[in-house]
Amino acid sequence: MSLAVRPLARQAVEDRPEQKGRSVRVFSADISATGEPWLWALGGALALGIILIAGFLALIFWNGVTTFWPKPIEVVTLQGGTLVAGEPFRAGVYRPDAGIIAKLSSEQQAFVEENGGFAQRTLYRTANFDIYGDDFRWVSDYEVAKVDYPRDFYLFERQEWGNFVGRIKGVIIDNQPQEYVADVMARAQREARDRFNEIRSIERGDIGRINHRLEQERLSIRRAELRYGPAAPETLAATERAVARIAELNAEFTVHQKRIADIRGIDQRNRVVLEEVGGRTKETELSQIVRYYPSNAVTTPDKIGIYFSRWGEFLSSEPREANTQGGVLPAIFGTVAMTLIMVVIVAPFGVITALYLREYAKQGRLVSMVRISVNNLAGVPSIVYGVFGLGFFCYTLGITIDQLFYPERLPNPTFGTGGILWASLTLALLTVPVVIVASEEALAAVPRSMREGSLACGASKWQTIRYVVLPKALPGIMTGMILAMARGAGEVAPLMLVGVVKLAPALPIDGFAPFVHLERSFMHLGFHIFDVGFQSRNSEAGKPMVFVTTLLLLALIVLMNSSAIYVRNRLKRKYATGHF
Amino acid sequence: MSTVAEAANASPPVDLSAQFQPTLYHTVESGEGVALDLRDFNLWYGSAQALFSVDMAIQKGMVTALIGPSGCGKSTLLRSLNRMNDLIDELRISGEVIVGGENIYRSGVDVIALRKRMGMVFQKPNPFAMSIFDNVVYPLRVDGVTNRAVLEETCERALRSSALWNEAKDRLKESALGLSGGQQQRLCIARAIASDPEVLLMDEPCSALDPIATAKIEELITELKGHYTIVIVTHNMQQAARVSENTAFMYLGRLIEYGDTKEIFVNPKLGQTRDYVTGRFG
Ligand SMILES: Nc1ncnc2c1ncn2[C@@H]1O[C@H](COP(=O)(O)OP(=O)(O)O)[C@@H](O)[C@H]1O
Ligand SMILES: [Mg+2]
């Protein structure tokens with residue numbers, strides 16, 4: 001029947017063509033009604049955000065990646081005849097002030113005049129801090145007579161005093177001055193470095209172990225005194241035993257010191273004479289030279305080798321020269337260890353809290369208030385957490401622990417000062433709101449039907465949570481952990497109060513029982529960036545390191561996060577293959 | 001069976017539905033062979049009453065269909081039988097539900113033990129985010145059974161009973177969420193019967209399924225009949241007619257007509273029932 005009606009209806013419309021147009025409505029009449037401008041604004045905001053982030057990342061990436069690439073050495077002859085040698089570091093246009101211009105020669109004044117009162121200047125990394133008292137020098141273009149790239153200029157990276165730029169005047173091998181021969185010098189330098197590392201390993205290994213045992217003996221005397229009283233026979237016996245062992249250890253210590261002194265003696269007989277561009281010379285032990293190369297004569301394959309050897313040093317060794325050179329291994333280690341300890345602490349804490357709030361607590365005003373407080377905790381400045389951590393963890397908890405368990409070490413604090421455990425706890429406190437909020441949301445997203453299904457099977461509430469709710473919520477909980485990790489690993493301010501130091505004497509994990517020393521202070525990449533960039537003798541020299549370290553910190557966070565994301569996605573894939 | 005027409009005792013008028021004074025016509029009586037016996041059962045969600053003085057004797061080993069328009073309280077009634085409504089805050093009840101000679105709403109009843117005696121199948125398939133095997137043996141696992149052989153045997157028996165064995169036997173280790181909707185619902189049935197309960201409660205088990213899956217599940221119900229006491233809520237009159245022995249028609253929270261399925265569909269005693277089963281309202 002309806003089939004029969006439809007053609008008739010169409011017929012009716014066709015009969016009255018003037019009415020056909022009426023049904024067409026024009027929707028594009030008012031542009032604001034369509035929401036188009038808003039769409040553009042949203043897109044623009046997104047684009048701006050992406051550009052800012054991409055620019056930021058590109059800046060860090062480019063500066064970080066190029067820092068270790070060998071640069072040429074320019075020797076600039078100034079118009080007065082002075083020579084300046086160094087790696088061009090950065091350049092810029094500036095307007096010399098009237099006082100300076102007045103002192104210039106008329107030619108130079110004309111040169112500046114020609115450029116409209118502006119001048120171009122270049123910052124040279126002249127190095128040779130021990131001779132010049134500075135690492136850098138500005139050279140303006142009106143001063144320059146000529147620029148050369150001599151092939152006999154070398155860059156020396158030294159264990160101390162930073163870099164040296166200059167020629168090699170001669171080599172002294174076994175106290176015999178010799179002509180400089182590349183091969184001979186290279187071999188001698190390699191041997192000297194081996195000796196240097198041997199001294200290091202004696203100091204670290206044998207002497208470190210002796211020092212550790214000496215400390216243990218001293219503590220055992222103190223422990224006996226505290227337990228039995230200073231004059232008790234037990235104390236005297238213990239003291240006697242300890243003193244005997246201390247004497248033994250000291251004898252051993254002397255042996256090792258002798259070995260070191262012997263090696264040092266050889267070191268002192270192998271030197272190199274360096275000459276800076278102005279002709280002043282400097283004699284340095286070969287063992288002090290980490291790396292050297294003729295900047296203007298190295299081939300590209302050699303440059304690549306130098307580049308990667310610098311990265312290797314950066315990733316695998318300790319810092320030198322007030323952190324502005326050398327590696328960041330202790331900081332990498334500290335950052336990763338602290339983040340992992342933080343995750344281990346924050347995960348159960350956050351998840352249990354969320355479980356209680358969402359599954360067990362009676363949803364009422366009190367729970368809402370707790371929830372609001374937790375959310376607002378995320379907005380407290382992180383330094384406040386640092387102050388809290390210092391006051392509560394270090395000074396309250398830590399000092400109590402010291403009095404109870406480490407009385408023999410007092411007045412030296414063990415846990416009563418900043419350390420990796422307190423730093424991790426402080427960061428756990430800082431990041432726990434993120435975990436709680438994410439976990440609560442993940443729990444709330446588990447469908448009611450699944451819980452009912454489990455309960456209908458005769459499962460208890462805890463069994464339902466344990467076997468059905470938690471596995472289903474796990475990917476969401478992991479997301480919270482990932483966010484917390486990213487926030488925690490990048491945080492610096494609170495750490496400065498609760499255990500991060502510029503240069504840690506020992507790693508939190510080593511070969512001495514109990515192997516994990518959570519009370520120890522540690523180094524952290526974030527703090528390293530701050531320290532190198534703003535706290536060092538020469539922040540200009542630290543600048544490249546800031547970029548490299550930032551790049552490394554970002555890479556580390558990305559690495560930790562992507563492994564967490566990988567685990568999460570595997571969990572998700574395990575469960576989320578459902579279709580209907 | 002004797003024919004008894006009884007009038008509802010007057011409950012205090014709370015809302016419109018409370019003022020509705022129906023004629024009730026029940027032909028199924030308490031006595032021998034009753035698995036679940038509701039006596040003067042009332043239920044309130046907060047201040048709104050959802051069930052009014054329900055008296056209902058559910059026969060052992062038979063399929064009882066619950067029909068009635070949406071919102072009349074079928075799910076509420078079904079969920080009262082294994083105390084799933086306990087999850088809801090502000091729930092009040094009065095009256096008794098007798099299972100095995102005991103009122104399950106008496107204080108001190110072990111709700112978990114009660115639920116273990118009853119399997120439940122929901123409107124939407126709700127398999128857990130685990131493997132098919134783990135889903136089926138879940139009731140045993142929560143009961144503390146760890147013997148692998150027992151679990152495997154139970155899994156096979158339950159999957160065979162729910163006609164899923166052939167499709168699932170090669171993928172027991174795979175996630176249950178990878179099954180199709182109909183397979184998932186049969187999996188839920190397997191889960192519900194895995195611990196060998198006495199009663200099977202099904203709340204519109206086919207409403208989310210296509211006709212082929214529905215036919216399979218109906219076939220299954222017919223096969224399970226006799227082993228289990230089955231209570232099934234359905235909106236599908238043909239389904240009720242096909243699978244059930246007894247049918248209960250509910251309206252506005254009351255059990256209006258309750259008796260032999262053929263009688264209810266062929267020769268309903270009350271006008272409301274006739275209107276509903278012939279599709280004139282609802
Ligand atoms: N959790 C609940 N809280 C409050 N009212 C509910 C709840 N569940 C069901 N109801 C109400 O109880 C009545 C019966 O619902 P229900 O048993 O689900 O009906 P049916 O399954 O027959 O469609 C409806 O009016 C519904 O709004
Ligand atoms: Mg329902």
Side-chain angles (χ1 to χ4, degrees), chain A residues 351 355-368 371 439 441-479 567-580, chain B residues 78-79 81-89 110-131 134-144 174-185 187-188 191-195 197 200-201 203 208-210:
Chain A
V351 174
L355 264 183
Y356 182 78
L357 283 179
R358 179 60 60 183
E359 303 287 331
Y360 286 99
K362 193 160 160 43
Q363 304 296 317
R365 188 169 302 173
L366 186 67
V367 167
S368 306
R371 216 167 262 146
S439 305
E441 250 146 50
L443 290 173
V446 175
R448 193 191 156 87
S449 67
M450 270 200 184
R451 295 163 199 264
E452 289 189 340
S454 167
L455 291 169
C457 285
S460 66
K461 181 160 189 174
W462 171 243
Q463 284 173 324
T464 301
I465 289 173
R466 169 76 188 68
Y467 296 120
V468 174
V469 177
L470 271 184
K472 182 80 181 153
L474 206 54
I477 293 174
M478 290 277 299
T479 304
V567 172
R568 182 190 67 188
N569 289 350
R570 282 198 45 168
L571 287 174
K572 259 193 195 155
R573 214 174 317 130
K574 194 168 157 202
Y575 298 131
T577 45
H579 53 78
F580 216 81
Chain B
L78 196 75
R79 294 159 59 88
L81 299 178
N82 66 347
R83 291 190 59 171
M84 283 305 281
N85 284 328
D86 287 15
L87 302 180
I88 293 159
D89 302 331
D110 184 350
V111 180
I112 289 177
L114 171 77
R115 290 190 189 137
K116 282 179 181 155
R117 291 162 64 186
M118 305 194 179
M120 191 165 201
V121 180
F122 296 80
Q123 184 168 355
K124 238 184 91 186
N126 56 352
F128 306 136
M130 345 170 153
S131 71
D134 289 336
N135 260 282
V136 177
V137 301
Y138 186 78
L140 279 79
R141 283 254 167 83
V142 300
D143 225 1
E174 285 170 36
S175 170
L177 302 180
L179 296 171
S180 76
Q183 289 173 324
Q184 286 188 357
Q185 192 64 308
L187 179 71
C188 291
R191 188 175 70 195
I193 61 181
S195 60
L200 201 51
L201 308 172
D203 193 348
L209 304 182
D210 60 79

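Letters go in sequence order (proteins before strands), and every chain restarts at 1. FYI, side chains are in, hydrogens and waters are out, and symmetry mates aren't considered; it's all heavy atoms of this structure.
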Which heavy atom of B/Arg191 sits nearest a heavy atom of A/Gly453, and at what distance?
NH2-CA, 4.0 Å
Would you give the length of the straight line joining atom CZ of A/Arg451 to atom CG of B/Leu87, rounded to the nearest 0.5 angstrom?
10.0 Å
Minimum heavy-atom separation for A/Val468 to B/Met130, with atom names?
CG2-CE, 4.2 Å
Test of understanding: with side-chain contact (heavy atoms from CB on, under 4.5 Å), list the residues that count as partners of A/Leu357, not counting sequence neighbours.
A/Thr353, A/Val367, A/Val370, A/Arg371, A/Ile436, A/Glu440
For B/Pro197, which atoms come within 4.5 Å of any heavy atom of chain A: side chain, backbone, both, or neither?
neither
By side-chain contact (heavy atoms from CB on, under 4.5 Å), A/Ser449 pairs with (sequence neighbours left out) A/Pro447, B/Asn126
For B/Arg79, which atoms come within 4.5 Å of any heavy atom of chain A: side chain, backbone, both, or neither?
side chain
Taking side chain as C-beta onward, heavy atoms only, is B/Phe122 less than 4.5 Å from A/Glu452?
yes
Ranked by heavy-atom pairs below 4.5 Å to chain A, first place among B/Ala113, B/Pro139, B/Ser195 goes to B/Pro139
CE of A/Met450 to NZ of B/Lys124, rounded to nearest 0.5 Å, is 9.0 Å
Do A/Tyr467 and B/Phe128 come close enough that some side-chain heavy atom pair is under 4.5 Å?
no
Rounded to the nearest 0.5 Å, what separates atom SG in A/Cys457 from atom CD1 in B/Ile112?
12.0 Å
Which portion of A/Arg448 sits near chain B, non-hydrogen atoms under 4.5 angstrom:
side chain
